[in-house]
Structure formats: C-alpha cells, structure tokens
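Since the model is a prediction, treat every value here as computed from it, not as a measurement. Whatever order the structure lists ligands and atoms in, that order sets their numbers, starting from 1.
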Amino acid sequence: MPHNLEVIILAAGLGTRMKSATIKVLHRAAGRPIIDYVLDLAADVSERPPVVVVGHQREAVQKAIGERARFAVQEQQLGTGHAVMQAARFLEHEDMAGRNVLILSGDVPLTRPETLRGLAAQHDRERNALTLLTMKLEDPGMYGRIVRDRDGAVVRIAEAKDTSAGEKAIDEVNAGIYLFNAADLFANLRNLSTNNAQGEYYLTDLIAMLRDSGKRVGALVAADPIEAIGVNSRGELAVVEAEIQRRVVQRLMTDGVTFRNPNTVVIDSTVSIGADTVVYPFVTLEGNTRIGEGCVIEPGVHLVNTTVGDDVHVKSGTVAEEATIGDEASVGPYAHLRPGTNLGKHVKVGNFVETKKAVFGEGSKASHLSYIGDAEVGANVNIGAGTITCNYDGVRKHKTVLEDGVFIGSDTQLVAPVRVGHGAYVGAGSTITKDVPPDALALSRVPQRNVEGWATKRRAEMAKKKEDGQAK
Ligand code: UD1
Ligand code: MG
C-alpha cells in the first residue's frame with residue numbers, strides 16, 4: 001500500500017432503513033459490530049489510526065472503537081461529501097503533500113485487503129487523482145451508477161435518486177471505497193454543493209469535478225461483488241453475516257477443523273478451534289469461546305465465552321456460558337454449565353447436570369441429574385445421581401466443599417455452608433447439614449422399617465370391597 005496512507009471511515013449516518021434504535025455500524029455480524037471489520041481492514045493497509053467520522057450516537061460509536069481511531073465529529077448529517085469535509089479539517093493540520101487518502105464506509109465490511117492493494121496498484125500505475133472500487137450487480141438497487149464515456153473512462157457517478165431512466169439500467173455501481181491523492185481531494189471538497197435530489201453534499205460529485213479539471217479517475221471492478229455490499233437493511237445484514245460465517249468456517253477448515261455439515265453451524269468470527277476437532281450440525285459458538293484440539297462438539301451445543309481444552313467430548317444439547325472445561329473431560333448430553341464453572345482434567349459432568357460457580361478437581365464426576373452451585377469439588381470425587389447443593393437460604397449464597405476422594409451417594413442434599421472431609425462417604429438419600437470429618441461415613445436418612453405381609457393383607461381388603469360393591 002502507498003506509504004503514509006491516511007484512512008477515513010464514514011460512520012455518522014443513522015441508517016434509517018435498518019428501522020432500529022441502534023446506529024447501523026454498531027449492528028453485529030458474527031459477534032462483532034460491523035465497523036470492527038472496517039477497522040481491521042484499515043489496520044491491515046495503514047499503520048496510522050484511521051479518522052472515523054461520527055455523528056449519530058457518537059458516544060456509543062466512540063466507546064465501541066476506543067483507542068483504535070481518531071474521531072472527527074459531523075454534527076449534522078449533510079451527506080458523504082460533508083462527512084469527508086469534517087475529516088479533512090482534521091487532517092489538513094498535517095503535511096499531506098504527496099500522500100493518499102483511502103475513504104471507507106463504516107457500513108461496508110466485507111472488502112478484502114488484497115482488493116485494496118489492487119486498488120492502490122492501479123492508482124499508482126494509472127497515475128490517477130482518484131481510483132474507486134466498483135461492482136457489477138444484477139439488481140443495482142439504490143447504489144450510485146458508474147457513468148463511463150465511449151472510451152470506457154469514468155466520467156461521473158449518478159446517484160440512484162437523481163438518475164434518468166437510461167442511467168438507472170447501468171449495472172456497474174459505486175462501492176463507496178475511494179483512493180484519492182490528498183491534494184486533489186482537499187482542493188475540490190470545498191466546491192461541492194447540495195444541488196441534487198437529496199439536498200446533500202455528495203462525495204460522488206468529486207468524480208465529475210476532477211474530470212472537468214483534467215484529472216484522471218480510474219475504477220477497479222471488484223472480482224466478487226459481495227466485497228462491496230453495504231449494510232443498509234436487515235436483509236443486507238443477514239447477507240453479510242452469512243458471508244462472514246462462510247469465511248470463518250473456511251478458515252477453520254483450512255486450519256484442520258472438521259465440520260459434519262458446515263452450512264448449519266453459527267460461529268462468531270472471534271471463536272478459535274484447534275485442529276482435529278469435529279463439529280457436528282447445529283452448533284452455536286459465541287464470543288471468545290476457545291476450543292482445543294481433538295475435541296468432539298455434538299449437535300445442538302451452545303457455548304458462549306467458554307474455554308474448552310484438548311480431547312474434550314461435549315455431547316448433544318449442552319449449554320455453557322463463561323465456563324472452562326479441562327482436557328479429556330466429558331460434558332452432557334444436556335448439561336448446563338453456568339458462569340464460574342471450572343472443570344479440571346478428565347472430569348465428567350453428565351446428563352441434566354447444572355453447575356454454577358463450581359470448581360471440579362481432576363477426575364471428579366457428577367454423571368446424572370444434579371445441581372452443583374457455589375461448590376469447591378476436589379479431585380476424584382464421585383457425586384451420585386440427583387445430588388443437590390442447597391446453596392441459597394433465600395437471602396445469601398453459601399458454599400459447599402467436597403474434599404479429594406469424597407463419595408456422595410445418590411439423592412443427597414448438601415445444605416450449605418457445609419464441608420465433607422477428604423475420603424469421606426455420604427450415604428444415599430442423606431440430608432447433610434453438618435460438616436463430615438475426613439474418612440467418615442455420614443448417614444442422615446430415617447432407618448427403614450419392614451411390615452411383613454402388609455401388602456397381602458391390603459390386597460385381600462381391596463378384593464372384599466369390590467365384591468361388596470357388586471353385590472349392591
Ligand atoms: C453511498 C454513495 C453511493 C454508493 C453507496 C455504496 C454517496 C452520495 N453515495 O450511498 O454512490 O453506491 O454509498 O455503499 O456517497 N455518512 C456520514 N455522514 C453523512 C452521510 C453518510 O457519515 O452525512 C456515512 C454513513 O454512515 C455510511 C456512509 O457514509 O457509513 C455511506 O452513507 P449512506 O447513507 O449509506 O450512503 P448510500 O446511500 O449507501
Ligand atoms: Mg450505504
């Protein structure tokens with residue numbers, strides 16, 4: 001890319017066609033605000049932080065972008081040309097001699113850096129004052145039409161709302177991505193007017209102005225029109241999301257991940273997955289979820305901000321949020337790991353087990369139907385089916401500690417705060433309200449009483465009642 005390239009990103013417009021309370025550049029695709037992808041692109045082609053033009057909801061936009069950019073404020077949205085004027089005021093303080101300015105739209109997130117490098121190469125080769133990116137569309141819709149002369153040179157851009165019927169049929173449109181010589185841009189900006197259908201300062205009017213002053217304007221037709229699609233509606237947002245998903249899955253497959261059916265998974269662009277992991281259909285992975293190597297992620301699994309080690313088996317229907325799962329662990333089917341769950345190596349959390357703020361040491365198991373919350377579970381602990389930590393007294397949460405090697409019989413209630421010492425056993429069906437010393441057996445259930453012959457007697461009574469009834 002040209003040395004000392006300045007990047008301007010236009011992001012002040014609300015995006016009325018989104019029908020949203022949220023400004024369109026903050027709508028999310030594959031887990032990130034769409035402007036993030038444009039910032040990535042800017043960082044890829046220039047070391048200098050871009051100038052982002054903000055207006056609508058500017059506090060929210062500035063907060064989302066943070067340190068990654070400088071900001072120019074456009075108080076009133078008087079058009080794309082007016083937006084660039086605000087950024088120019090910002091840059092004119094600097095020595096711009098011989099520099100280039102790349103203008104990107106905050107709502108066009110799918111452009112590849114290779115395409116911008118192609119644009120820059122053409123700009124240099126043709127010694128243009130401006131080189132812009134265009135695309136050919138079957139339905140040119142509301143995009144600006146590229147008007148070329150008989151020799152094929154670009155002469156002007158006709159905005160959709162200002163076009164004649166003949167121009168409306170033009171299938172080559174403006175992608176909204178421009179590489180300008182800084183001097184030519186700044187010299188002409190101030191001559192823009194609002195003499196058009198929308199009463200706005202159109203950045204696109206610069207093309208005709210440059211041509212009229214004898215400057216060269218070139219255009220690169222994007223090989224894949226998807227690179228230039230703008231998010232102006234929910235429909236376009238869905239197209240953009242689908243394309244980012246497709247790219248994410250392609251990248252992961254290149255890195256050695258198997259997808260049984262890549263068309264059914266939903267994976268944020270922020271997720272990482274190690275080689276030789278197999279992902280089944282209908283899996284959703286969100287946020288900063290990290291999955292190691294050699295894992296199996298079965299159908300219907302939903303992981304949010306969850307870290308999964310190597311060789312882990314996450315079975316069908318498991319839901320996890322803010323959880324950590326250690327190497328060689330097995331989770332599910334239908335386990336629910338809530339925030340603060342941290343499972344060590346080789347842990348097994350089985351079907352219909354819910355955990356919250358629960359740390360499990362190496363090799364411990366809760367295989368069936370349990371709730372384990374606010375708990376510290378040591379290594380090699382066995383938690384029987386139906387065990388419940390009673391962690392909440394209606395006012396406060398209390399902690400349960402199960403030390404190493406503890407065995408909890410099925411259907412036990414552990415009334416917190418409570419501690420079971422290392423190596424101790426709890427008999428099935430117990431309600432544990434007091435600490436259990438190490439290596440002890442705790443039993444709290446009512447002793448069993450058998451009444452010999454009770455059922456025989458009852459059946460005889462029932463039979464007699466039935467007979468009496470029929471006799472009446
Ligand atoms: C613009 C182009 C059109 C092109 C299309 C490509 C103009 C006049 N038209 O139309 O030729 O085909 O992009 O996507 O440039 N913005 C501001 N301040 C403003 C107005 C807009 O910052 O006052 C920002 C918007 O937030 C958006 C970008 O500029 O990120 C483009 O604006 P938008 O209103 O979407 O322009 P289009 O109608 O799509
Ligand atoms: Mg647009």
**OP:** Report the C-alpha distance between His82 and Glu200 in whole Å, list the side-chain angles of each, state the deciding distance to 0.1 Å, and finish with yes or no for side-chain hydrogen bond (donor to acceptor under 3.5 Å, both in side chains).
**Re:** CA-CA 8 Å; His82 184 257; Glu200 288 184 357; over 6 Å; no
Atom indices of ligand 1, in the order listed, that fall short of 4.0 Å to a heavy atom of [X]:
{"X": "Ala175", "value": "6 (C), 14 (O)"}
{"X": "Tyr202", "value": "8 (C)"}
{"X": "Gly144", "value": "3 (C), 4 (C), 11 (O), 12 (O)"}
{"X": "Leu78", "value": "23 (O)"}
{"X": "Tyr143", "value": "6 (C), 12 (O), 14 (O)"}
{"X": "Gln74", "value": "17 (C), 18 (N), 19 (C), 22 (O), 23 (O)"}
{"X": "Gly106", "value": "30 (O)"}
{"X": "Ala83", "value": "17 (C), 18 (N), 22 (O)"}

**OP:** Going by heavy-atom distance to atom 38 (O) of ligand 1, choose the closest among Arg17, Gln198, Lys161.
**Re:**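 It is Arg17 that holds the nearest heavy atom.
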Original post:
For atom 20 (C) of ligand 1, which candidate among Gly79, Ala160, Gly230 holds the nearest heavy atom?
Top reply: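 Considering heavy atoms of Gly79, Ala160, Gly230, the nearest to atom 20 (C) of ligand 1 sits in Gly79.
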Tell me which part of [X] gets within contact of ligand 1: side chain, backbone, both or neither, using heavy atoms under 4.0 Å.
{"X": "Lys24", "value": "side chain"}
{"X": "Ala228", "value": "neither"}
{"X": "Asn232", "value": "side chain"}
{"X": "Glu159", "value": "side chain"}

**OP:** Verify, without hydrogens or angle tests, whether Arg68 (side chain) and Ile65 (backbone) share a donor-acceptor contact under 3.5 angstrom.
**Re:**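 Checked: pair present.
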Subject >> Exam field: side chain Ser370 to backbone Ile372, donor-acceptor pair closer than 3.5 Å >> reply: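 No; zero donor-acceptor contacts below 3.5 Å.
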Original post:
Is there a side-chain contact between Val279 and Val249, using heavy atoms and a 4.5 Å cut-off?
Top reply: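 In short, these two side chains do not touch, never coming nearer than 4.5 Å.
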**OP:** Applying side chain to side chain contact (heavy atoms under 4.5 Å, CB included) between Leu210 and each of Val154, Asn128, Asn188, Asp205, report the one that passes.
**Re:**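 Among the candidates, only Asn188 passes.
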Original post:
What are the two closest heavy atoms between Leu189 and Ala88, and how far apart are they?
Top reply: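 Taking every non-hydrogen atom into account, CD1-CB, 3.6 Å.
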Quick one: does [atom] have a protein heavy atom under 4.0 Å from it?
{"atom": "atom 1 (C) of ligand 1", "result": "no"}
{"atom": "atom 9 (N) of ligand 1", "result": "yes"}
{"atom": "atom 30 (O) of ligand 1", "result": "yes"}
{"atom": "atom 18 (N) of ligand 1", "result": "yes"}

Any N or O of [X] that comes nearer than 3.5 Å to an N or O of ligand 1?
{"X": "Val108", "result": "no"}
{"X": "Gly176", "result": "no"}
{"X": "Thr80", "result": "yes"}
{"X": "Asn174", "result": "yes"}
{"X": "Ala12", "result": "yes"}

Original post:
Relative to Tyr37, does Arg32 satisfy both conditions: NZ or CZ under 6.0 angstrom from the six-membered ring centre, and within 45 degrees of the ring's axis?
Top reply: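 Yes, Arg32 and Tyr37 form such a contact.
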Original post:
When you look at Asp44 and Arg117, which way does the salt bridge (Lys or Arg N to Asp or Glu O under 4.0 Å) test go after all the steps?
Top reply: CA-CA 10 Å; Asp44 205 299; Arg117 281 190 259 278; 3.3 Å; yes
Original post:
Does any N, O or S atom in Asn232 come within less than 2.8 Å of the Mg ion (ligand 2)?
Top reply: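 Looking at Asn232, which is the residue asked about, there is an N, O or S atom under 2.8 Å from the Mg ion (ligand 2).
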**OP:** Check whether more than 12 heavy atoms from other residues, nucleotides or ligands sit under 6.0 Å from atom CG of Asp149, and answer yes or no.
**Re:**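 Buried by this count: over 12 neighbours within 6.0 Å.
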**OP:** Can you establish whether the number of heavy atoms outside Arg211 located under 6.0 Å from its atom CZ is more than 12?
**Re:**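 Correct, the count exceeds 12.
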Subject >> Candidate pair Arg58 and Glu75, rule salt bridge (Lys or Arg N to Asp or Glu O under 4.0 Å), full reasoning >> reply: CA-CA 10 Å; Arg58 70 181 214 234; Glu75 296 288 353; 3.7 Å; yes
**OP:** Give a yes/no verdict on whether any heavy atom in Val173 is under 4.0 Å from an atom of ligand 1.
**Re:**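 The answer is no: ligand 1 sits nowhere under 4.0 Å from a heavy atom of Val173.
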**OP:** Go through the steps for Arg216 and Glu126 under the test salt bridge (Lys or Arg N to Asp or Glu O under 4.0 Å), then give the verdict.
**Re:** CA-CA 8 Å; Arg216 300 179 62 96; Glu126 296 179 354; 5.4 Å; no
**OP:** Just give me the atom name: the N, O or S atom of Asp107 closest to the Mg ion (ligand 2).
**Re:**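 This residue's closest N, O or S atom turns out to be OD2.
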**OP:** Using only heavy-atom distances, determine whether the side chains of His123 and Asn100 contain a donor-acceptor pair under 3.5 Å.
**Re:**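 Checked: His123/Asn100 side chains pair up, N/O donor to acceptor below 3.5 Å.
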Original post:
If we ignore angles and hydrogens, is there a donor and acceptor under 3.5 Å between the side chains of Asn196 and Gln198?
Top reply: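 Side-chain D/A pair, Asn196 to Gln198: absent.
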Original post:
After noting the C-alpha distance and the side-chain angles of Arg28 and Asp36, does the key distance pass the salt bridge (Lys or Arg N to Asp or Glu O under 4.0 Å) rule?
Top reply: CA-CA 9 Å; Arg28 301 173 90 83; Asp36 265 23; over 6 Å; no
Subject >> Shortest protein contact, atom 24 (C) of ligand 1 (heavy atom only) >> reply: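 Here the closest protein heavy atom is Leu10 CB, 3.6 Å.
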**OP:** Just need the protein heavy atom nearest to atom 26 (O) of ligand 1, so name the residue and atom and give the distance.
**Re:**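 Result: Gly13 N, 2.8 Å.
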Subject >> Salt-bridge contact Glu6-Arg99 (side-chain N to carboxylate O under 4.0 Å) >> reply: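 Yes, Glu6 and Arg99 are salt-bridged.
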